[in-house]
Structures are given as structure tokens and as C-alpha cells.
There are 2 protein chains.
Amino acid sequence: MAPSSRPYHHGGLKAALLKAAVETISASSPASMSLREVARRAGVTHAAAIYHYGDKAGLLTAVAVDGFRLLTAQITSAYQAYEDFLEVGVAYVRFAVEHRAHFEVMYRPDLYHAGDPELLEAKAAAAQLLYGSEHPDPGQLLAGVAAWSVVHGLATLWLNGNLPEQLGKDPEAITRLVASRLPPSTGAAP
Amino acid sequence: MAPSSRPYHHGGLKAALLKAAVETISASSPASMSLREVARRAGVTHAAAIYHYGDKAGLLTAVAVDGFRLLTAQITSAYQAYEDFLEVGVAYVRFAVEHRAHFEVMYRPDLYHAGDPELLEAKAAAAQLLYGSEHPDPGQLLAGVAAWSVVHGLATLWLNGNLPEQLGKDPEAITRLVASRLPPSTGAAP
DNA sequence: AACCGCATCTAACCAGTGGTTAGATTATCT
DNA sequence: AGATAATCTAACCACTGGTTAGATGCGGTT
């Protein structure tokens with residue numbers, strides 16, 4: 001894309017469309033994103049977008065896959081950095097806030113192809129990370145689900161503006177506060 | 001609606017449209033609901049729906065308001081029946097599952113008029129109930145937010161099929177299990 | 001080098017959508 | 001009864017997602 005206006009046979013159109021989709025969603029919401037606007041933003045026809053992704057749901061599937069992979073990476077590195085489950089929860093909320101577009105798509109399976117193999121794989125990887133590894137005993141599984149539920153609930157309620165204002169404007173701080181009100185200590189390390 | 005086909009000047013069109021909207025959403029999802037299909041189901045033109053609700057977002061606002069009121073009623077009666085916070089949480093999850101259409105609209109403010117006065121009132125009433133009454137001390141507020149977050153997270157994760165299958169098929173049972181894994185005892189009665 | 005085949009993209013079309021407007025129909029009030 | 005206001009339809013608009021036929025340009029083969 002050297003000069004500015006003529007990388008036709010674009011080279012990175014597929015990736016550019018994904019980026020444009022995320023930007024478009026960030027500017028509004030997943031429901032109101034239009035294929036044609038995404039394509040416009042990338043400087044192509046909407047048929048070009050359909051060529052690469054099959055249909056609108058296919059594009060949103062790609063956004064969701066990207067999101068689950070990003071989440072997995074961020075959670076992993078948070079745990080490696082702090083070795084602390086609280087910080088994993090905080091990282092989850094931070095991801096939801098920093099990547100609102102990705103996050104909102106990820107948890108609206110009615111918008112994408114929920115059965116897509118790549119999607120299932122990316123989602124499974126994230127889930128496994130989130131509720132503890134492999135085949136935990138039932139107690140550990142429950143603890144993981146509980147922890148995931150709290151941070152997921154916090155993140156979505158925050159994004160929708162459903163948390164009381166008195167809690168302040170910093171969702172990560174709220175996460176720490178809420179967590180401190182919860183289980184004194186939940187489970188062992190994985 | 002006595003005979004079958006001729007209550008023109010319909011009498012209860014507005015309510016019938018609301019019902020039709022909920023049914024349509026139940027059959028698919030909020031995002032894919034179309035005004036015209038809702039109107040078709042009610043036997044009128046889509047312009048009639050717009051006459052009563054202003055626009056599509058207006059109709060969805062009505063669904064959300066209805067949902068928040070239903071939720072408030074159900075939570076209230078659950079607390080009165082059991083005097084137990086766990087049962088309030090279970091009632092929250094039950095509401096989400098039994099009234100999936102309402103629930104999904106309520107927490108997608110991008111779909112409706114989030115500033116609508118009726119909406120704000122209904123939402124505030126529910127919220128006040130959910131994180132404890134009136135002006136609780138900060139600790140109680142946090143406990144309420146924590147509890148709400150858990151059940152909200154559980155409900156949304158369940159609806160999206162993001163909970164591990166090993167937990168079984170009964171979301172209310174899962175709620176009790178998860179809750180038992182959480183705070184030994186959270187707060188005093190309201 | 002010229003050619004061919006394939007990947008990529010556009011143009012034109014389609015049915016369906018949300019919203020607007022003008023007018024038809026019916027209830028209600030005096 | 002007659003007029004006024006509420007309710008609904010019909011016709012239109014710009015826009016959307018998706019399909020199809022064809023234009024454009026890339027790569028490799030000879």
C-alpha cells in the first residue's frame with residue numbers, strides 16, 4: 001500500500017476488512033454495523049467483503065475468533081505476570097473494556113456462525129483457560145465457573161451502564177473491590 | 001377479538017404488537033427481529049406499529065420496560081416467599097431463562113431508547129432491588145453488586161451456551177452449586 | 001514472450017427493511 | 001347528525017445483505 005490509492009488487488013484486503021469491521025463496531029454497536037459501511041471504510045465494494053468472508057455473519061465470526069484469541073493471549077500473560085487469580089479477573093474486565101467491539105461480538109452468538117470450527121477452537125481454548133485446566137475436580141470447575149461468572153457479569157453490566165455510579169469510573173478498580181467482597185480464598189493453583 | 005378476522009380499529013393493537021414482538025424475538029433473536037414481521041404477526045401494516053411506538057427502537061424499549069417490571073415483580077415475590085438471598089439469585093436466573101426474549105433486549109441498550117423516562121424508572125426500580133435498598137453502606141452495596149454480577153454472568157453465559165456441559169442442563173441447579181462455592185456469608189438482611 | 005488459468009474485485013440487480021407521507025376508515029364527542 | 005381526532009393502509013424512499021455476470025490483473029507454464 002505504498003502511494004495511497006492504488007493497491008488494487010489489495011494484498012491485505014481480508015485483514016483490512018477485519019480491522020474496518022472492528023472500527024465500525026467500536027463507533028456504534030455490533031447490531032448496527034453494516035457490511036457496506038465496513039467495505040466503504042476499506043475502499044471496496046461490499047461484494048468484495050462477501051467474497052472474502054462469505055457473508056456478514058462470516059465477517060463477524062472472524063471478529064469473534066480474533067477476540068477469543070486476543071482474550072486468551074491477554075489472560076495468559078496476565079497470569080504469567082502476576083500468578084494471581086485476582087489479576088486474571090481484572091485482566092478479563094480490562095479486555096472487555098479495551099476491546100469492547102470484540103467482546104460484544106464474542107458473546108452474541110446469534111450474530112455469527114457459532115458452529116464454525118475455528119471459532120469453536122478459539123472459544124474452547126479461552127474457556128479452558130478460564131475455568132481451570134483440563135479435567136479439574138468438580139469443585140475446581142465450579143470455582144472457575146463462579147470466578148468467570150463474576151467478572152463476566154461485572155464486565156457486561158459495566159459496558160451497559162448498569163452499575164451504580166457511586167462505584168466510580170474505573171472498572172478495574174471496581175473489579176478489585178467486588179472481588180475483595182467475595183471468597184476469602186477459592187481454590188488451589190492449577 | 002371475538003370472531004377472528006375483524007377487530008379493525010383493533011382495540012388492543014399496542015399490546016398485541018408488544019406480545020408479537022416478544023414472540024418473534026423468542027423465535028429467533030432481538031437483532032434479527034423485523035418490525036414488518038412483528039406487524040405481520042399482528043395482522044397489520046408495519047406503519048401501524050410505527051404509529052404506536054414511534055420506531056423500531058421504541059417497540060424494543062417497550063419490551064425492555066416490560067422486562068424490567070416483570071423482573072422486579074418476580075424478584076420481589078421470590079424474596080417474600082423465601083426470605084433468602086440465594087433464592088433471589090435463583091429467581092434472577094430463572095427469569096433470564098423463562099423470559100429470554102425480554103432479558104436479551106433489556107441488556108442490549110443499543111437496541112432501544114436507553115434514555116426513555118419509563119425505561120429509566122423501571123430499570124432503577126429493578127436495580128435498587130438488586131443491589132439492596134436505598135442508601136446502603138459501601139459494603140452492602142458492593143455485596144449487592146457482587147451478587148448481581150454472579151447471577152447476571154451465569155445467566156448470560158448460560159444463554160450463550162458458554163458453560164461447560166459437565167454442569168448439567170438445569171441453570172437453576174447450577175446457580176445453587178456456584179453460589180455454594182462463593183461467599184460463606186455475605187451480608188445482613190436489607 | 002505470449003498465454004492461460006485463477007484469484008480478486010466491480011457493477012448491476014434483487015427482495016426485504018425501517019421510516020415518511022398522504023389519505024382512507026372508523027370511533028368519539030357534542 | 002356532523003365534525004374532530006384517533007387509528008390504520010398504501011405507496012414511496014434510501015438502504016441493506018446477498019447473488020450473478022463480467023472486468024481486471026496476478027502467477028506460472030510453455
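Each chain gets a letter, A, B and so on, in the order the sequences are listed, and its residues count up from 1.
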Nearest whole Å is fine: how far is [N] [atom2] from [X] [atom1]?
X       : N      : atom1 : atom2 : result
A:Tyr53 : D:dG17 : OH    : C1'   : 17 Å
B:Leu13 : D:dT9  : CG    : C1'   : 12 Å
A:Lys56 : C:dT17 : NZ    : C1'   : 12 Å
A:Leu59 : D:dG17 : CG    : P     : 10 Å
A:Asp55 : C:dC14 : CG    : P     : 22 Å
A:Lys14 : C:dT8  : NZ    : P     : 9 Å
B:Leu17 : D:dC8  : CG    : C1'   : 11 Å

Residues [X], [Y]: salt bridge by 4.0 Å N-O rule:
X        : Y        : value
B:Arg108 : A:Asp110 : yes
A:Glu118 : A:Arg69  : yes
A:Glu87  : A:Arg176 : yes

Out of C:dC9, C:dT17, D:dA10, which has the shortest distance to the side chain of B:Ser34?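 Looking only at heavy atoms from C-beta outward on B:Ser34, the closest nucleotide is C:dT17.
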Take B:Gly54 and A:His52, find for each the nucleotide of DNA chain C with the closest heavy atom, and name the residue whose nucleotide sits nearer the 5' end.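 Its nearest nucleotide being more 5', the pick is A:His52.
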[X] vs [N]: side-chain N/O to OP1/OP2 distance below 4.0 Å:
X       : N      : answer
A:Thr45 : C:dC9  : no
A:Arg40 : D:dT16 : yes
B:Tyr51 : D:dC8  : no

If you count every heavy atom of other residues, nucleotides or ligands that lies below 6.0 Å from B:Glu121 atom CD, does the total exceed 12?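 Atom CD in B:Glu121 is not crowded, with 12 or fewer foreign heavy atoms closer than 6.0 Å.
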With under 30° as parallel and over 60° as perpendicular, where do the rings of A:Tyr107 and A:Phe68 fit, or are they tilted in between?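 Rings of A:Tyr107 and A:Phe68: perpendicular, as their planes differ by over 60°.
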Pick base, sugar-phosphate or nothing for A:His46, based on heavy-atom distances below 4.0 Å to the nucleic acid.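 A:His46: base contact, heavy atoms under 4.0 Å.
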Over all strands shown, is B:Ile50 touching base, sugar-phosphate only, or nothing at heavy-atom distances under 4.0 angstrom?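 Contact class for B:Ile50: base.
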Can a donor-acceptor pair under 3.5 Å be found between the side-chain atoms of B:Arg36 and the base atoms of C:dG18?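 Between C:dG18 and B:Arg36, which were checked side chain against base, a qualifying N/O pair under 3.5 Å is present.
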